[in-house]
2 protein chains.
Amino acid sequence: MIQEHGFHGCPVSMVAKNAGVAAGTIYTYFENKDDLIIGIYEYVGEEIKKYVSERDDNSLSFKDRYYNYWKNLTDFYELKPSIHGFYDQFLNSPYNSEEMQNKPNSWHDFANAFFEEGIRRGEIKELNPIVLSILVNTNVNSIVRIKKNFKKKLARNNMELDEISHLIWAGIKAD
Amino acid sequence: MIQEHGFHGCPVSMVAKNAGVAAGTIYTYFENKDDLIIGIYEYVGEEIKKYVSERDDNSLSFKDRYYNYWKNLTDFYELKPSIHGFYDQFLNSPYNSEEMQNKPNSWHDFANAFFEEGIRRGEIKELNPIVLSILVNTNVNSIVRIKKNFKKKLARNNMELDEISHLIWAGIKAD
DNA sequence: AATGACTGAATGAACGTTCAATCACAATAC
DNA sequence: GTATTGTGATTGAACGTTCATTCAGTCATT
């Protein structure tokens, strides 16, 4: 609902109806609407981590693992467009404050560790793993968004958004 | 104000006060709040285009022009953090509908033409220029956002976000 | 009989929007 | 030069609606 209507466009009463409970019930589990939204964000982070980490296979070359990571993250978002829409909005909203960013976050931790290992194995350049995970996650995020918004335009222009995963690999792989 | 409080967090009355006019006056220039927000979006696009295009010098190599483009866009956003905050939020919100995306947009046109020329000159790979401009603009956007949010963390971890411009250049330059 | 979750009408604050009244200024008349 | 009228922008209190939140009462389970 948030992905479709935005944070303001979906009242608590609507959320409650959709969940099949009364509006008041939400307030036994969440302090207020903001607390609910932050709760969703934390839940979503866990789900993403679960999906991507379960499908990672560290016996493969890091190049293959990178492409799997990219594909799995993309698949997850395309499988659950509403999660993607929510997450994409949240990250760019005032909710995503510095305070928020400094909270423990197992999805971020996983992503950082993932790229750290690529460096340790000597398969990618010695860059800050936080930078790398931000780079990759940002690009997957926005490609999924573009695919969603530009459906017709994409077909018309025969755009190859998957190219971007190659571009980025070309940029980060060890020489 | 939108960058700080979000779309809902800033009532029309607040906008009016900040602008030094009465609330009603806004409605002689804009149909409603949505119309105002879309108006700001269009204005912002013009401003970005102006800043970046004025500083482009097509006598340089495309590599230099690419790095200028990157720098100028980054500078513009950092010079006007509130514009960046607004734009970043708008792009990821339900306001940025498919209908919105299909409206004429001189900033998008400029960016597309820019990368088209890089291809024509044979200095970058033969990719869809729309893909290229989305790639570059998305990454500049998110780097600026990260710099804004992560100030302390960045310093602590000695992160080199500027690396990303090189990574992307390595990815898109002609072999 | 006791516990704790659930309900949904009620509350009051906040918001977008309207509009009758006012104001600033220019054009016209004397 | 002064008074009068006309025009269009500006004002902000008021309106009606929507929304987050509360809480007294109900229900389900132990």
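In this text the structure is predicted, and so the values were computed from the model without any measurement. Just so we're on the same page: letters track the sequence lines, and every chain starts at 1.
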Do NZ/NE/NH1/NH2 and the carboxylate oxygens of A:Lys148 and A:Glu78 come within less than 4.0 Å?
no
Write out a two-atom table: protein N or O, nucleotide N or O from nucleotides 15-18 of chain D, distance below 3.5 Å.
none

Contacts to DNA chain D from residues 27-37 of chain A, heavy-atom cutoff under 4.0 Å, which residues?
A:Tyr27, A:Asn32, A:Lys33
Strictly below 4.0 Å, N to O, side chains only: are A:Lys80 and A:Asp75 in salt-bridge contact?
no
A:Lys147/A:Asp162 salt bridge by N-O under 4.0 Å criterion:
yes
Any ion pair linking B:Arg121 and B:Glu117 (charged N to carboxylate O, less than 4.0 Å)?
yes
Whole angstrom value for the distance that separates C1' of D:dC19 from CE of A:Met1:
13 Å
Applying ring pair (Phe, Tyr, Trp, His ring centres under 6.0 Å) between A:Phe114 and each of A:Phe62, A:Tyr66, A:Trp107, report the one that passes.
A:Phe62
May I ask you to check whether A:Tyr41 and A:Tyr87 place their ring centres under 6.0 Å from each other?
yes
In whole angstrom, give the distance that lies between atom CD1 of A:Ile26 and atom P of C:dA5.
16 Å
Cation-pi between A:Arg55 and A:Tyr51: NZ/CZ under 6.0 Å from ring centre and within 45° of the ring axis?
yes
Starting at atom NZ of A:Lys17, determine the distance to atom C1' of C:dT7, rounded to an integer number of angstrom.
15 Å
Is it the case that the ring center of A:Tyr43 lies less than 6.0 angstrom away from the ring center of A:Phe86?
no
Indicate yes or no: does B:Glu47 engage B:Lys50 in a salt bridge with an N to O separation below 4.0 Å.
yes
Run A:Arg65 and A:Asn58 through side chain to side chain donor-acceptor pair (under 3.5 Å) and show every step you take.
CA-CA 7 Å; A:Arg65 288 176 70 195; A:Asn58 72 359; 5.9 Å; no
Can you check nucleotides 8-11 of chain C for protein contacts, nitrogen or oxygen pairs under 3.5 Å, and list what you find?
none

